[in-house]
Amino acid sequence: MIRTMWVPLLATALLGGCQGAPSPREYRVNEVPSSLAPAVADADSTIARLQRRLGARLKAGVESKGVVVAVAVCRDSAQFMTAEIVERQVAGIAVGRTSHRLRNPGNAPRPWARSYVAGIAPGAKAADYAPVVVDLGDRVGLLRPIDTAALCVRCHGMADSLAPDLASALREAYPEDQALGFAEGDLRGYFWAEAPKR
């Protein structure tokens, strides 16, 4: 069964309704109204570009210089690549990554995504979570699950399985690292994007 992550947002909506705050509408990606489709397409293409570029950079770095270089790629290049992709997309778009177990505190979830991130169950599998679209008023938000691939486990697996030089590089780059203990196929977090309606 594919989870659509609606339960956390339902709780937020119920609480928000008690306080008089409007609750956002949410949809499965394949069920969005036609009025939202262009913005969802913009958000989706931006996530796809970020995912491809970051994955290719990590893979090339690991293959040519070893797994420790992946730490530097994530620390030094990921934010730059994200900003560069945004500059080439529709004006007003934003994109990034987030998780319930952050490595980089700068990847904390956007306010509208917090309930989804907080709702990730321990040991959750990415295949059990479907992408979701949230109507934010003048914008749409899109969340796409991040699947922990075999390559990812080398830096995000069990702490005691990390090579000493990699463990040292991670401690130096990310003193508050929480992004360990994942297995292949686990839900490691989300790619997210926001795009203006058009």
Side-chain angles (χ1 to χ4, degrees), residues 3 5 8 43 46-89 93-129 131 141-194:
R3 299 182 189 202
M5 304 168 289
T46 304
I47 287 175
R49 288 190 65 202
L50 176 60
Q51 189 173 13
R52 281 194 306 270
R53 287 198 60 194
L54 185 56
R57 182 77 60 89
L58 284 170
K59 185 177 179 184
V62 169
E63 289 176 352
S64 65
K65 298 181 181 176
V67 73
V68 174
V69 80
V71 177
V73 169
C74 284
R75 184 193 63 213
D76 302 331
S77 301
Q79 303 302 331
F80 173 77
M81 281 189 284
T82 300
E84 186 178 53
I85 287 169
V86 167
E87 286 177 9
R88 297 180 181 181
Q89 294 295 315
I93 204 163
V95 67
R97 297 170 296 154
T98 191
S99 179
H100 56 305
R101 286 158 46 191
L102 290 171
R103 175 156 283 171
N104 180 348
N107 289 336
R110 305 286 264 203
W112 60 269
R114 285 179 190 149
S115 61
Y116 295 105
V117 174
I120 297 175
K125 298 300 178 186
D128 293 334
Y129 285 75
L142 173 63
L143 290 171
R144 282 206 170 272
I146 298 175
D147 186 4
T148 304
L151 179 65
C152 305
V153 174
R154 296 177 69 177
C155 289
H156 291 280
M158 295 300 184
D160 58 5
S161 71
L162 300 178
D165 58 342
L166 175 59
S168 177
L170 285 170
R171 281 193 302 273
E172 182 178 339
Y174 303 105
E176 300 175 26
D177 186 14
Q178 301 174 36
L180 293 170
F182 290 99
E184 189 172 352
D186 283 355
L187 176 62
R188 205 169 81 250
Y190 298 104
F191 284 100
W192 62 266
E194 292 178 16

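Residue indices begin at 1 and follow the sequence shown. Keep in mind that the numbers below use all heavy atoms, side chains included, and drop hydrogens, waters and symmetry copies.
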Checklist entry - Given the rule in the side-chain contact (heavy atoms from CB on, under 4.5 Å) test, do Ile146 and Tyr129 qualify, once you have shown the distances and angles that lead to the verdict? => result CA-CA 10 Å; Ile146 298 175; Tyr129 285 75; over 6 Å; no
Item to check | Ion pair Arg188/Asp147, N-O distance below 4.0 Å | outcome: no
Next on the checklist: With rounding to the nearest 0.5 angstrom, report the CG to CG distance, Leu102 to Asp177.
Outcome noted: 9.5 Å
Checklist outcome for this item: The single option from Arg101, Arg97, Arg103 that satisfies side-chain contact (heavy atoms from CB on, under 4.5 Å) with Ser99 is Arg101
Item to check | Value rounded to 0.5 Å, distance of CG in Asp128 from CG in Leu187 | outcome: 9.0 Å
Item to check | Val67 versus Val62, closest heavy-atom pair with distance | outcome: CA-CG2, 4.1 Å
Item to check | Rounded distance [0.5 Å steps], CD1 in Ile47 versus CZ in Arg52 | outcome: 12.0 Å
Checklist entry - Just how far is it from atom CG of Leu50 to atom CZ of Phe191, taken to the nearest 0.5 Å? => result 5.5 Å
Checklist entry - So how far is it from Glu194 CD to Thr46 OG1, rounded to the nearest 0.5 Å? => result 11.5 Å
Checklist entry - Taking all atoms of both residues into account, what is the closest heavy-atom pair of Asn104 and Gly106, and its distance? => result OD1-N, 2.8 Å
Checklist entry - Hey, does the side chain of Ser168 reach the backbone of Pro164 with a donor-acceptor pair shorter than 3.5 angstrom? => result no
Checklist entry - Where do Pro109 and Val117 come nearest, in terms of heavy atoms and distance? => result CB-CG2, 3.8 Å
Item to check | Non-hydrogen side-chain atoms of Lys125 and Asp186 separated by less than 4.5 Å | outcome: yes
Next on the checklist: Nearest 0.5 Å, please: how far is OG1 in Thr148 from CZ in Phe182?
Outcome noted: 6.0 Å
Checklist entry - Tell me the salt bridge (charged side-chain N to carboxylate O under 4.0 Å, His left out) pairs involving residues 153-174, sequence neighbours left out? => result none
Checklist entry - Which atoms form the tightest heavy-atom contact between Cys155 and Leu170, and what is the distance? => result O-CD1, 3.8 Å
Checklist entry - Are Tyr190 and Leu142 side-chain neighbours, meaning at least one heavy-atom pair lies under 4.5 Å? => result no
Next on the checklist: Any heavy-atom pair between the side chains of Pro131 and Leu143 that's under 4.5 Å?
Outcome noted: no
